[in-house]
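Working notes, beginning with the structure itself.
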Amino acid sequence: MLTARRRVRTRRGTACAATAVACSLLLASCGGSDGGSADSRTLRLWHYEAPNSAMGAAWTEAIKEFEARHPGVRVKFEEKSFDQIQKTAPMVLNSSDAPDLMEYNKGNATAGLLSRQGLLTDLSAEVTERGWDKLLSPGVQTTSRYDANGVMGSGKWYGVPNYAEYTMVYFNKDLFAKYGLAEPKTSDALVAAMDTFVDKGITPLANSGAEYPAQQYVYQLALSKADRPWVDAYELYQGRTDFHDAAWTYAAKTFADWVKKGYLGKNAVSAKAEDAGVSFLQGKAPILFSGSWWYGRFQDEATFDWGTTLWPGSTLSPGSGGNLWVVPESSGNKELAYDFINITLSKKIQNLLGNKGGVPVAADAAALTDPKSKELITQFNTLSGRDGLAFYPDWPVPGFYDVLVSETQKLLTGSVRPDDYLDALQEAYDKGVPKT
C-alpha cells in the first residue's frame, strides 16, 4: 500500500468461484485465451522476490493453490532479478519469450511506458468483473492505471498489486543500546546517533550506489522539505518541477554533507541493494533506510534485536501499492494469469503475506497474529492515513532510474557538486516529460 512502492512492496475479492475456474480450464484446454501457439497446460510466471521474503513465501503458496485448483496445469516459475526485468522487459515482451504473467515495477517510467507501447494487456474489464477495484484503495489504484501517455493515476488498468510497500528507517537496537543511544524517532536523535557511530569508527548508514537506496536517501531528504503538491508536480506532472527549488537543493547538499561527515561510505558506490541489506543483517551498518520488502527477510534472518520508524521529521516518504502483476499482450494464457492474480488476492494468501512481514491489501485483520507484522501494518496505516505515500524518485520519466543511479554515484564520490547534480537531473527529467 491498505495502499506502495512501491518502490512500496505495492493485495481482493476472491470472486473466482467454481464457475470461473471451470471457465478458465475450458479456455486452457482450447489453447489459451488469446495465443493459440501457447502451451495451455503451463502458466509461465516471472517474479523477483526472495523465497523467504513475505511476497516470495506468499506467492509460493499461491502457486500450490493455483495448481490444486487447476488439475493438469502447472506453473513454470522463472526467478529473475529486479535489474534483469527492469532492463530487458521491453525487449522480452516484444519477443516469443514473454511469460504469461510477470511482476513488474510500477510508475510512468516502467509499467506506464510498456502500456504506452502496447506491450501490456488492458485488465480493466477483468478488474471490474472480479471486483479487484473494490479491494484496492485509491492510493493503491494510482499505480495500477495509466492514460494514453503512460501517466499513472487514471485511464485503463494495466497492472494489479496484491501488497503495499513503504520505506522506513531500520535500526539495530542492540548497537543503539551498546552506545547508549536513543532510538531514532526524531531528527535530532538520528543525527546524534550517526555522529556517535562515526566517532566509534562505524559508518552508520547502509547504502548502495549501484542501485537503490542511495537515490532514495536523496529523495527522502527532499521529501522532508516538500508537500503533496510538490509530489504531484514531480510524479504526475501537475505543475512544474524545479530541481533547484528549496527541497531538492537541501537534499543534494545534505547528502553531500553526510558523505563528508562519514554517515555514508564512499566505498558503497558500486554496491548493490543486496549488499546494503546484508550489511545491516550482519550488524555492520546500524541503520538502513529502505522498504518494507526487507521486513520479512529481517524477521527470518536477523540475529539481533531491531526496530523500525518512519523517517523522523517528514510527513512524506517513498511508498505506494506494491509492484504489479502485469499480463503481457502476447500471453497465450491470459485467463490462467487472471486466475493466479485472483488467488494472490484471496484471504488465505493475503493473511499469509501479512503474517510473514508483508503489507497485505485484503487481509483479515483478526488473522494477523504476528506482533512485528502488526507493527509494520500499523506504521503503514500511519503513513498512508496522513497521505504520506510519495511514490519513488525514478518513476516520472523513462530511463530516469539509470540517470539517478549514475548521478548519485558521482555525488557519493564527490566528483560532482550538488548544483551540477541537480542540473543533470533537471535535463533528464525535462527530456522525458510527455509533451502535451
Side-chain angles (χ1 to χ4, degrees), residues 11-47 59 62-63 65-78 80 85 89-106 110-133 135-136 141 143-146 150 155-162 322-346 349:
R11 304 177 120 162
R12 243 43 72 226
T14 48
C16 175
T19 302
V21 172
C23 229
S24 68
L25 287 172
L26 177 61
L27 285 164
S29 67
C30 295
S33 59
D34 290 88
S37 62
D39 175 3
S40 61
R41 313 309 293 171
T42 301
L43 176 70
R44 294 184 62 212
L45 168 67
W46 290 3
H47 76 68
W59 297 348
I63 289 173
E65 184 81 6
F66 176 90
E67 291 182 338
R69 293 191 194 184
H70 297 74
V73 179
R74 74 183 184 100
V75 176
K76 183 181 179 183
F77 164 57
E78 297 180 40
K80 307 291 181 180
I85 293 181
M91 178 179 65
V92 169
L93 297 192
N94 253 322
S95 75
S96 59
D97 292 329
D100 297 305
L101 180 63
M102 181 174 80
E103 178 187 13
Y104 196 56
N105 198 12
K106 62 276 179 202
T110 46
L113 176 62
L114 295 193
S115 72
R116 195 173 78 210
Q117 293 173 337
L119 297 175
L120 301 182
T121 301
D122 174 7
L123 304 175
S124 302
E126 207 66 30
V127 167
T128 302
E129 181 179 337
R130 296 186 185 245
W132 295 339
D133 55 336
L135 298 170
L136 300 175
Q141 291 186 24
T143 57
S144 301
R145 303 173 62 194
Y146 297 86
K156 298 176 180 178
W157 288 72
Y158 286 101
V160 179
N162 57 16
N323 287 321
L324 303 173
W325 287 126
V326 299
V327 179
E329 183 57 39
S330 59
S331 168
N333 291 310
K334 292 184 180 180
E335 285 293 332
L336 293 179
Y338 305 152
D339 285 352
F340 187 88
I341 294 172
N342 207 58
I343 287 171
T344 67
L345 294 172
S346 68
I349 301 304

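These numbers come from the heavy atoms of this one structure, side chains and all, not from hydrogens, waters or symmetry mates.
Using cut-offs of 30° and 60° for the angle between ring planes, the His47 and Trp59 rings count as perpendicular.
Looking at Asp100, its side chain never comes within 3.5 Å of a backbone N or O of Leu336 through a donor-acceptor pair. A donor-acceptor pair under 3.5 Å is absent between the side-chain atoms of Tyr158 and the main chain of Gly155, judged by distance alone. With Gln141 contributing its side chain and Leu136 its backbone, the two residues share a donor-acceptor pair below 3.5 Å. A donor-acceptor contact shorter than 3.5 Å is absent between the side chain of Ser331 and the backbone of Val327.
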**Request:** Step by step, work out the salt bridge (charged side-chain N to carboxylate O under 4.0 Å, His left out) result for Glu78 and Lys80.
**Result:** CA-CA 6 Å; Glu78 297 180 40; Lys80 307 291 181 180; 3.5 Å; yes

**Asked** Between Tyr338 and Leu101, is a side-chain contact (heavy atoms from CB on, under 4.5 Å) present by the stated rule, with each step listed?
**Response** CA-CA 9 Å; Tyr338 305 152; Leu101 180 63; over 6 Å; no

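Residues Trp132 and Asn342 bring a donor and an acceptor atom of their side chains to less than 3.5 Å of each other.
A side-chain contact (heavy atoms from CB on, under 4.5 Å) with Val160 is found for one member of Thr344, Asp133, Ile341 and no other, namely Ile341.
Looking only at side-chain heavy atoms (C-beta outward), Leu45 and Met102 stay at 4.5 Å or farther from each other. Considering only heavy atoms from C-beta on, Trp325 comes within 4.5 Å of Phe340 through its side chain. Here the side chains of Val73 and Glu67 are not in contact, with every heavy-atom distance at 4.5 Å or above. Side-chain contact between Phe77 and Ile63 is present, with heavy atoms from C-beta onward closer than 4.5 Å. Side-chain atoms of Asp339 and His70, non-hydrogen and from C-beta on, do get closer than 4.5 Å to each other. When side chains are defined from C-beta on, Pro161 counts as touching Ser144, because their heavy atoms get closer than 4.5 Å.
Listed by first and then second residue, the side chain to side chain donor-acceptor pair (under 3.5 Å) pairs involving residues 117-126 are Thr121-Lys334, Asp122-Ser124, Glu126-Arg130 (not counting sequence neighbours).
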List the atom pairs, with distances to 0.1 Å, where a side-chain N or O of residues 90-97 and a protein N or O form a donor-acceptor pair under 3.5 Å, not counting sequence neighbours.
{"unit_1": "Ser95", "atom_1": "OG", "unit_2": "Val92", "atom_2": "O", "d": "2.7"}
{"unit_1": "Ser95", "atom_1": "OG", "unit_2": "Asp97", "atom_2": "N", "d": "3.1"}

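Listed here is the closest heavy atom pair of Gly112 and Tyr146: CA-CD2, 3.5 Å. When all heavy atoms of Ala89 and Leu114 are compared, the pair lying nearest together is CB-CD1, 4.2 Å.
Not a single side chain to side chain donor-acceptor pair (under 3.5 Å) links Arg116 to another residue, sequence neighbours left out.
Between Leu324 atom CG and Asn105 atom CG the span is 8.0 Å, to the nearest 0.5 Å. Rounded to the nearest 0.5 angstrom, Leu120 CG and Lys156 NZ are separated by 12.0 Å. Between Ile349 atom CD1 and Phe66 atom CZ the span is 12.5 Å, to the nearest 0.5 Å.
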